[in-house]
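Below, read A as the first sequence line, B as the second, and so on, with proteins coming before strands; counting in each chain starts at 1. Everything numeric here is computed off the predicted structure, so don't read it as measured data.
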Amino acid sequence: MRVDVPHAWPADEAEALALQARLRPLADDRGPGPAAPRLVAGLDVAYAGDGRGVGDLVAAAVVVVDTATLGVVERATATATTTFPYIPGLFAFRELPALVEALRGLTVTPDLLLCDGHGRSHPRRFGLACHLGVLTGLPTAGVAKTPFVGRHVPAALGPDRGDHADLVDGGDGGAGGAGGGEVVGRALRTQAGVKPVHVSTGHLIDLPTACAHVLALAPRYRLPETTRQADRLSRDVLRAAAG
DNA sequence: GCGACAG
DNA sequence: ATCTTGTCGC
């Protein structure tokens, strides 16, 4: 598929922050988004070296899954060298170049992109998933393994598969009932008795819809099949490219 | 000033 | 993210 990056890539933190401010208004929070996406793509990046600095070899992978069968429809990968360090809140500038290159190798256009990281649950409401949505013009959502911005009330999250609790940022001590605050995502239990994943919207989809798709893609494991497949593929490619 | 901090 | 031993459980 075609993906344009119509601007110079940030060279430092200040430029990255400025770009986020410029692109943030372009992220569309309106839903509902795709009600029954046929093709959902999972994206992930594997690192060699310490994984935090510049000059590290990385491998990006995109795996498109057919939601009707959960079977793999297509896979695409790309290797690159990092040009931006790992900085919480600026994660996209580290991973996007390789991910965009991998997406360009796709012959089909996914109906939804699921990122390994956050979308709206970000300090400036513009995490990787939002950024990738703006660049591709496709619906996107973030599925993160750990919380970033926003907390949920522990007691509000049930133990069963499908149980969920809002991730609230701001307001009273951080996880609020009536003290205001902003809902930036949702802690979603994809497997009974297992630690939840953190879902947030990226672009052109609403939170309930995003959670429904993530849950459907995770019938057996904690992480959605898309993410699992992309994670495995990126590691395989990195291993083949490095050692 | 200090701690926290997606992958 | 990546580096790793052992351990519990299906």
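Using a 4.0 Å cut-off between charged side-chain N and carboxylate O, A/Asp231 and A/Arg235 make a salt bridge. Here A/Arg94 pairs with A/Asp56 in a salt bridge; the nearest charged N to carboxylate O distance falls below 4.0 Å.
Contacts of A/His122 with the nucleic acid, taken as non-hydrogen atoms under 4.0 Å apart, include base atoms. If you check every strand for non-hydrogen atoms under 4.0 Å, A/Gly89 touches a base. Within 4.0 Å (heavy atoms only), A/Ala46 reaches sugar-phosphate atoms of the nucleic acid but no base atom. In this structure, A/Asp50 reaches the bases: a heavy-atom distance under 4.0 Å links it to at least one base atom across the strands shown. If you check every strand for non-hydrogen atoms under 4.0 Å, A/Ile87 touches nothing. Counting any heavy atom pair closer than 4.0 Å across all strands shown, A/Leu96 reaches no nucleic acid atom. Counting any heavy atom pair closer than 4.0 Å across all strands shown, A/Pro147 reaches sugar-phosphate atoms only and no base atom.
Between B/dA6 and A/Tyr86, a contact under 4.0 Å exists linking OP1 or OP2 to a side-chain N or O. Contact annotation: A/Thr146 side-chain N/O to B/dG7 OP1/OP2 distance is under 4.0 Å. Within the 4.0 Å cut-off from OP1 or OP2 of B/dA6, not a single side-chain nitrogen or oxygen of A/Arg94 is found.
Distance from the side chain of A/Phe148 is smallest to B/dA6 among C/dT2, B/dG7, B/dA6. Of the candidates B/dG7, C/dT2, B/dA6, the closest approach to any side-chain atom of A/Arg235 belongs to C/dT2.
Atoms CG (A/Leu17) and C1' (B/dC5) sit 14 Å apart, rounded to a whole Å. Across the protein-nucleic acid pair, A/Arg239 atom CZ and C/dC3 atom C1' stand 15 Å apart, rounded to whole Å.
Residues A/Ser200 and A/His118 share a closest heavy-atom pair of OG-C, 3.7 Å.
When each of A/Leu114, A/Leu103, A/Asp116 is tested with A/Leu43 by the rule side-chain contact (heavy atoms from CB on, under 4.5 Å), just one qualifies, namely A/Leu103.
Within a 6.0 Å sphere centred on CZ of A/Arg222, other residues, nucleotides and ligands contribute more than 12 heavy atoms.
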